[in-house]
Amino acid sequence: QVQLVESGGGLVQPGGSLRLSCAASGRTFISYAMGWFRRAPGKEREFVAAISCVGGSTVYANSVKGRFTISRDNAKNTVFLQMNSLKPEDTAVYYCAAGRTCSTYSDSLRYNYWGQGTQVTVSS
């Protein structure tokens, strides 16, 4: 069982930056690929980024490529999402997820554990 707790969300102006964190419980964090997803009001949940077990492989949604960076610190059981050049369309609840695999997947069905989410609002 893995418990995930996101933090770092908030209100930011367009063009600004935020860094999301997701702290995981358990001793086997390194065994899990990690992903970030988001759900905007009135829309389906969508994939944002994923990182492999040891962090050697990452994948991004086209909408965030070049602006967002996913990383992980396995010693601290934490995964991060650095978000730069934020746009109003990035407004959503952001969720981290853990999957019992070392590969990176954009399919939410591949993930076994989910956090409660953190709100990100991009507005002037």
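Computed from a predicted model, the values in this text were never measured in an experiment.
One hydrophobic cluster, built from ILVMFWY side chains closer than 4.5 Å, holds both L86 and V64. Neither Y94 nor V59 shares a network with the other; the hydrophobic side chains, linked directly or stepwise wherever heavy atoms of I, L, V, M, F, W or Y lie under 4.5 Å apart, form separate groups for each. At a threshold of 4.5 Å between side-chain heavy atoms, the hydrophobic network of Ile, Leu, Val, Met, Phe, Trp and Tyr places F80 and V2 in two separate groups.
What you find for A33 and C102 is that their closest heavy atoms are CB-C, 4.2 Å. Across all non-hydrogen atoms, the minimal contact from F29 to V79 is CZ-N, 4.2 Å. The two residues A98 and M34 come nearest to each other via the heavy atoms CB-SD, 3.6 Å. The shortest heavy-atom contact between R38 and E46 is NE-OE2, 2.6 Å. Summarising the geometry of S52 relative to G56, their closest heavy-atom pair is OG-N, 3.2 Å, with the distance given to 0.1 Å. The two residues A50 and Y111 come nearest to each other via the heavy atoms CB-OH, 3.3 Å.
Heavy atoms from other residues, nucleotides or ligands lying under 6.0 Å from CD of E89 number more than 12. Counting non-hydrogen atoms of other residues, nucleotides and ligands closer than 6.0 Å to CD of Q119 gives a total above 12.
Considering CD1 of I51 and SG of C96, their distance stands at 12.5 Å, rounded to 0.5 Å. Between the CG atom in N74 and the CD1 atom in I30 there is a gap of 4.5 Å [rounded to 0.5 Å]. Atom OH in Y95 sits 13.0 Å away from atom CG in L4 (nearest 0.5 Å). Between atom CD of residue E6 and atom CG of residue L81 there is a gap of 11.0 Å, rounded to the nearest 0.5 Å.
With a 4.5 Å cut-off on side-chain heavy atoms, T104 and T58 do not count as touching. Contact annotation: the side chain of Y60 approaches that of T69 to within less than 4.5 Å [non-hydrogen atoms, C-beta and beyond].
For residues 98-114, the set of pairs meeting the salt bridge (Lys or Arg N to Asp or Glu O under 4.0 Å) definition, not counting sequence neighbours, is empty.
Separation of the W36 and F68 ring centroids does not fall under the 6.0 Å cut-off.
Residues satisfying the salt bridge (charged side-chain N to carboxylate O under 4.0 Å, His left out) test with R72, not counting sequence neighbours, are none.
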Give every donor-acceptor pair under 3.5 Å between a side-chain atom in residues 8-24 and any protein atom, sequence neighbours left out.
| residue | atom | partner | partner atom | Å |
| --- | --- | --- | --- | --- |
| S17 | OG | N84 | OD1 | 2.9 |

(request) Determine, step by step, whether V120 and M83 satisfy the side chain to side chain contact (heavy atoms under 4.5 Å, CB included) criterion, reporting the C-alpha distance in whole Å, the side-chain angles of both residues, the deciding distance to 0.1 Å, and the verdict. (result) CA-CA 10 Å; V120 172; M83 305 186 295; 3.8 Å; yes
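In terms of modelled atom types and a separation under 3.5 Å, the side chain of S25 and the main chain of Q3 share a donor-acceptor contact.
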